[in-house]
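Here the structure is laid out as structure tokens; the discussion comes afterwards.
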Amino acid sequence: MKKFSILIMLAPALAVIILLFLGGLLLGLLQSVNYMPIIGLNDFSLNAYASIFSDSQFLGSLALTLGISIVTTLLTIVFSIVTALALRQTFLGKRLVNFLYQFPITIPHLVIAIGIMLLYSQSGFFSRIATNLGFISTQSEFPILVYDDLGIGIVLVYLWKQIPFVGLIVLSILQSSGNDFEELAHSLGANKWQTFRHVLLPLIIPGILPASIICFAFVFGSYEVPFLLGKPYPAVLSVLAYRLYEDTDLSARPEAMAIAVFIAVFVSILVLVYKKVIKNVSGRAD
Amino acid sequence: MTSVTLRNLQKTYDNATEPAVKDLNLEIKAGELVALLGPSGCGKTTTLKMVAGLHDVTEGEVLFNGVAVNNIKPEKREVVMVYQNYLLFPYMNVEDNIGFGLRMRKVPKAEIADRVGKMLKLVQLEGFEKRKPSQLSGGQKQRIALARALIIRPKILLLDEPLSNLDAHLRDEMREMILNIHREFGLTTIFVTHDQEEAVLLADRIALMFDGVLQQYSPPKEFYEKPRTKRIASFFGNHNRLYGVLQGTVVHTAIGDFATEQVGIPDGSKVCLVIRPQSVLLEHSGANCIKAVINRIIYMGTYIRYRITVDGNEWDIMGDPHPLAGYEEGKEACFTLPKDKIWLIPETLETQETPERI
Amino acid sequence: MSEIQKQQAPRKQVNIIRNIVLLGIVLGVLLPMLPQLIWSITHRWYFPDLIPSEWSARSWEYIVNPNTRVIRAFLNSLVIASAVTVIGIVIGVPAGKALGMYKFKLKWLVELIILAPAIVPSLAATMGIQVIFIRIGLADTMLGVILVHLIPTLPYMIVTLSGVFANYDPEFEEQARSLGANRAKTFFLITLPAVFPGIVTGSMFAFLISWGQYILTILVGGGRIITLPILLFSFTGSGDNSIASALSIVFVLPAIIILIVTSKFLSGKSSGMGGFGSI
């Protein structure tokens with residue numbers, strides 16, 4: 001009876017996710033291998049995969065996507081720890097700064113993407129300031145920070161959103177462990193740096209790893225920000241996939257599906273590897 | 001061997017109006033084991049952290065062997081603290097936890113391993129090197145925390161509520177271990193506690209603090225027998241009180257005169273006579289005798305409690321666990337106050353007394 | 001005196017670094033939200049002027065003009081996000097309770113399935129399912145958009161609620177029953193208040209995720225279902241900074257309202273944030 005009622009409680013949620021998400025993934029996979037009789041795809045083939053992996057455009061996109069995701073995640077970790085350490089102390093106006101710090105969590109990416117564009121593009125606010133101060137004479141002298149090769153504008157938007165998300169987790173770890181561990185380390189002879197390195201960091205890192213993985217996965221697969229702030233070529237994987245999907249030439253569909261499936265599989269493997277590593281680390285401890 | 005002197009020590013926290021510790025003077029001899037005792041918020045932990053250098057001193061000085069150490073950073077003071085909840089680093093095994101202080105000092109690995117081994121032997125936990133803190137019992141964690149502190153050969157050992165997280169039987173074991181280590185190393189040791197029993201069990205001397213102010217600093221026995229104020233008396237448990245005026249060696253009260261042996265209080269002073277429940281005798285010896293109706297008799301197993309009312313004050317008296325003829329509920333009986341057990345507190349000292357909050 | 005100075009010197013240094021970081025937080029958060037405020041009331045703003053040469057209320061007039069698509073898009077966004085939130089609560093509360101309070105076989109698998117859409121990007125699934133949506137007539141409909149918006153929102157809702165239920169002691173309910181409360185009273189007086197903060201946090205996540213969704217909406221809505229993000233994209237693409245800025249202010253309003261109303265639920269220790277320790 002109890003088993004049955006638990007199943008009833010879970011059924012709607014599982015139904016939605018299995019049908020829409022897992023089902024959708026499966027259909028995407030089938031379309032990527034050109035086998036979906038219901039819409040007239042009858043010839044199973046791995047051509048789409050073969051063609052994207054030999055396509056320099058795809059490989060360029062992959063490199064760009066990986067680069068943006070890795071840099072964003074690492075910088076998020078660094079700045080979330082730095083900001084949390086500062087916010088933990090007592091200072092005038094702490095409530096206000098804390099409130100501001102939580103702001104980005106709810107603000108949609110799109111709004112900030114537009115803000116970053118208006119601030120950092122070559123006709124943006126900082127370029128105007130630089131011109132007025134005489135640092136540059138024309139807007140084309142301003143460094144390209146948006147629509148750039150490296151995706152700097154994209155990274156800035158993600159950092160704006162994610163630093164507080166991870167930073168709040170760091171803050172809660174610091175709050176729950178209090179000052180005692182640090183004081184203890186001091187009294188055992190650790191200086192400030194040693195205390196941070198050997199005491200605070202090992203407490204923080206395991207706590208924020210899951211959130212960092214979520215951040216990485218989100219950046220790796222998201223579409224909106226790179227579409228608005230990125231160059232058309234090379235574009236990140238999701239933008240490339242959607243462009244191929246929308247192509248009037250329907251023969252590009254399997255390739256679009258193959259890229260989308262690749263994104264999903266890559267992220268899944270990453271999470272599984274992470275879980276495996278975590279298990280091994282904690283397993284060794286026992 | 002290091003002596004500790006606290007001279008006019010004062011601490012006011014950033015956002016506080018009242019100082020947490022007020023003008024504290026304390027002399028701790030080299031190798032002494034001293035308890036800082038008091039209810040929570042009395043400033044005892046603040047004092048301890050000022051000795052450790054973890055909290056800045058607002059005013060006054062902390063001196064080790066007569067030399068001021070106010071400006072020495074905590075990691076250079078060679079004073080180490082053992083926390084109440086042990087605070088073993090959860091991601092390090094026992095060996096790494098104990099060796100932490102030595103690694104911070106960049107001691108060679110082989111020496112660390114050697115000294116960790118000796119420490120584990122000292123706290124009787126050989127073979128636990130690779131365990132994680134989560135695999136240890138409370139008592140074992142406490143001993144690892146102690147080993148981690150001792151391995152850096154501190155000048156002064158600070159303990160935060162060393163016995164209060166332990167069961168009754170572990171308390172005895174831990175007490176033995178702390179006393180043995182204290183004796184063996186001759187370490188000046190200061191610990192804080194809110195539990196007067198813990199202080200009495202361990203300390204050579206107790207410094208009792210209320211509201212940031214030192215109340216009394218003396219060996220444990222004197223807190224029971226010679227409390228300086230009524231508040232101190234109540235903190236150390238039940239005291240029976242009776243008010244009167246001292247004339248020579250006799251206290252005149254509303255219910256009769258009582259002889260005392262106490263000297264040093266001026267003639268004609270108003271005094272509060274205090275006596276502990278177990279010091280009152282259930283007998284009629286003529287002098288120093290109280291006649292009162294017994295309100296209640298409560299059998300407590302190892303003793304019997306008698307409740308009487310003396311001049312408007314509720315008294316508790318402890319007697320043998322065998323019922324005595326003539327001492328029955330609702331009947332009047334005689335109780336004797338031996339004159340060497342009577343302690344007088346001059347009423348003038350009571351001006352600063354505030355209601356007890358324990 | 002010199003002793004005191006010596007003691008405070010390092011502290012001062014730390015304060016300077018801290019203040020730089022705090023200033024960075026304040027500026028970093030505020031700066032990307034300010035240009036829209038100015039641009040939205042700007043008519044012309046030539047490079048390299050620091051102040052617009054011509055102000056105007058043009059973009060705001062455009063937004064409130066009933067003949068444009070803005071009000072329609074706003075209402076669409078509102079209906080979709082509200083529907084997603086309500087469905088999320090209805091589906092999420094029982095699932096959260098099951099995951100938070102009970103142990104059962106294959107629980108790890110259920111957790112994995114429910115968490116998956118929060119981590120694995122939904123692009124492939126939505127592109128994949130679109131063929132079916134076209135077949136059964138869900139493509140280009142509000143219902144279709146609401147359904148795909150459930151994919152990324154449900155995990156957040158359920159994780160938040162399961163965190164709340166995990167800390168919920170069912171003995172409170174038993175106590176209430178034994179004190180004479182009936183089932184309904186027990187639910188409304190005991191259970192609901194206990195899990196209410198979790199429902200608020202989860203709803204907030206669900207609403208905002210749906211509200212900010214672009215790619216899933218455009219894939220399934222096919223350009224027929226116009227929401228605020230879709231308008232925002234098209235104006236940003238066309239380079240009309242003024243209208244894009246005014247739209248983005250409208251777009252961000254619910255987020256700010258929600259943040260202010262619920263900020264007491266969203267502290268560093270909020271169960272909604274903490275729940276992700278479990279991936």
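Reminder, nothing fancy here: chain letters follow the sequence lines and each chain counts from 1.
Note on C/Ala255, C/Pro32, C/Gly24, C/Ala124: by heavy-atom pairs under 4.5 Å with chain A, the leading option is C/Pro32. When the candidates C/Leu112, C/Leu219, C/Leu34, C/Leu247 are compared by the number of heavy-atom contacts under 4.5 Å with chain A, C/Leu219 comes out ahead. Ranked by non-hydrogen atom pairs under 4.5 Å with chain C, the options A/Ile263, A/Asn132, A/Leu19, A/Leu22 are led by A/Asn132. Per-residue counts of heavy-atom pairs under 4.5 Å with chain C were compared for A/Leu25, A/Leu29, A/Leu10; the largest is that of A/Leu10. The residue among A/Val261, A/Val97, A/Ile107 with the most heavy atom pairs within less than 4.5 Å of chain C is A/Ile107. Contact count versus chain C (heavy atoms, under 4.5 Å) is highest, among A/Phe266, A/Phe220, A/Phe227, for A/Phe227. Across C/Trp39, C/Phe133, C/Phe233, C/Tyr102, the residue that shares the most heavy-atom pairs under 4.5 angstrom with chain A is C/Phe233. Between chain C and the residues A/Ile18, A/Ile116, A/Leu26, A/Leu228, the largest count of heavy-atom pairs under 4.5 Å involves A/Leu228. Of the listed residues (C/Ile249, C/Val29, C/Leu30, C/Leu150), the greatest number of heavy-atom pairs within a distance under 4.5 Å of chain A belongs to C/Val29. In terms of non-hydrogen atom pairs under 4.5 Å with chain C, the most contact-rich of A/Ser123, A/Ser222, A/Ala84, A/Pro206 is A/Ser123. Ranked by heavy-atom pairs under 4.5 Å with chain A, the first of C/Ala125, C/Gly28, C/Pro121, C/Pro229 is C/Ala125.
Heavy-atom minimum distance, C/Phe251 versus A/Pro108: CE2-CB, 3.4 Å. Closest approach of C/Met204 to A/Thr106, counting heavy atoms only: CE-CG2, 4.3 Å. In plain terms, the two heavy atoms of A/Glu224 and C/Gly212 that are nearest each other are OE2-O, 4.3 Å. Residues C/Ile119 and A/Val267 approach most closely at O-CG1, 3.6 Å, considering heavy atoms. The minimum heavy-atom distance between C/Ala98 and A/Met9, with the atom names listed, is N-CE, 3.8 Å. Between C/Tyr46 and A/Arg128, the shortest heavy-atom distance links the atoms O-NH1, 2.9 Å.
Looking at C/Leu147, both its backbone and its side chain come within 4.5 Å of chain A, counting heavy atoms on both sides. In this structure, chain A has heavy atoms under 4.5 Å from both the backbone and the side chain of C/Ile114. Only the side chain of A/Val16 comes within contact range of chain C, with at least one heavy atom under 4.5 Å from a heavy atom of that chain. Both the backbone and the side chain of A/Ala256 come within less than 4.5 Å of a heavy atom of chain C. In this structure, no portion of A/Phe142 lies under 4.5 Å from any heavy atom of chain C. Proximity to chain A is limited to the side chain of C/Thr236, based on heavy atoms less than 4.5 angstrom apart. Within the 4.5 angstrom heavy-atom criterion, only side-chain atoms of C/Val131, from C-beta onward, approach chain A. For a residue to count as touching a neighbouring chain, one of its non-hydrogen atoms must lie under 4.5 Å from one of that chain's; by this rule C/Ile158 touches chain A with the side chain only. In this structure, the portion of C/Leu208 lying under 4.5 Å from any heavy atom of chain A is its side chain and not its backbone. Using a 4.5 Å cut-off between heavy atoms, A/Leu20 contacts chain C through both its backbone and its side chain. With a threshold of 4.5 angstrom between heavy atoms, C/Ile215 approaches chain A through its backbone and through its side chain. Both the backbone and the side chain of C/Phe47 come within contact range of chain A, judged by heavy atoms closer than 4.5 Å. Of the two parts of A/Ser238, the backbone and the side chain both hold a non-hydrogen atom closer than 4.5 Å to a non-hydrogen atom of chain C. Both the backbone and the side chain of A/Ser127 come within contact range of chain C, judged by heavy atoms closer than 4.5 Å.
Residues from residues 86-95 of chain C that place a non-hydrogen atom less than 4.5 Å from a non-hydrogen atom of chain A comprise C/Ile91, C/Pro94, C/Ala95, given in numerical order.
In this structure, the separation between CG on A/Leu110 and CG on C/Leu232 is 5.5 Å, given to the nearest 0.5 Å. Annotation: the span from C/Asn15 atom CG to A/Gln89 atom CD amounts to 7.0 Å, rounded to 0.5 Å. To the nearest 0.5 Å, the span separating CD1 on A/Ile6 from CE on C/Met101 amounts to 10.0 Å. The CG atom of C/Leu37 sits 11.0 Å away from the CG atom of A/Leu118 when rounded to the nearest 0.5 Å. Distance check, rounded to the nearest 0.5 Å: CG of C/Leu216 to OH of A/Tyr223 gives 11.5 Å. Interatomic distance, A/Ile17 CD1 to C/Ile113 CD1, rounded to the nearest 0.5 Å: 8.5 Å.
Distance alone, capped at 3.5 Å, is enough to place a donor-acceptor pair between the A/Gln31 side chain and the C/Gly128 backbone. In this structure, C/Gln36 contributes its side chain and A/Ile114 its backbone to no donor-acceptor pair below 3.5 Å.
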Side chain to side chain contact (heavy atoms under 4.5 Å, CB included) between A/Phe21 and C/Val120: does it pass, once the steps are laid out?
CA-CA 10 Å; A/Phe21 182 74; C/Val120 179; 3.8 Å; yes

Verdict with reasoning, A/Leu7 to C/Phe104, per side chain to side chain contact (heavy atoms under 4.5 Å, CB included):
CA-CA 10 Å; A/Leu7 190 66; C/Phe104 48 90; over 6 Å; no

Kindly determine whether A/Phe125 and C/Leu31 satisfy side chain to side chain contact (heavy atoms under 4.5 Å, CB included), including the steps that lead there.
CA-CA 10 Å; A/Phe125 198 67; C/Leu31 270 182; over 6 Å; no

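Summarising the local packing, CZ of A/Phe79 is surrounded by 12 or fewer heavy atoms from other residues, nucleotides or ligands at distances under 6.0 Å. By the 6.0 Å contact criterion, CG on C/Leu109 is enclosed, its count of non-hydrogen atoms from other residues, nucleotides or ligands being greater than 12. A 6.0 Å sphere centred on CG of C/Leu50 holds more than 12 heavy atoms belonging to other residues, nucleotides or ligands. Summarising the local packing, CZ of A/Phe91 is surrounded by more than 12 heavy atoms from other residues, nucleotides or ligands at distances under 6.0 Å.
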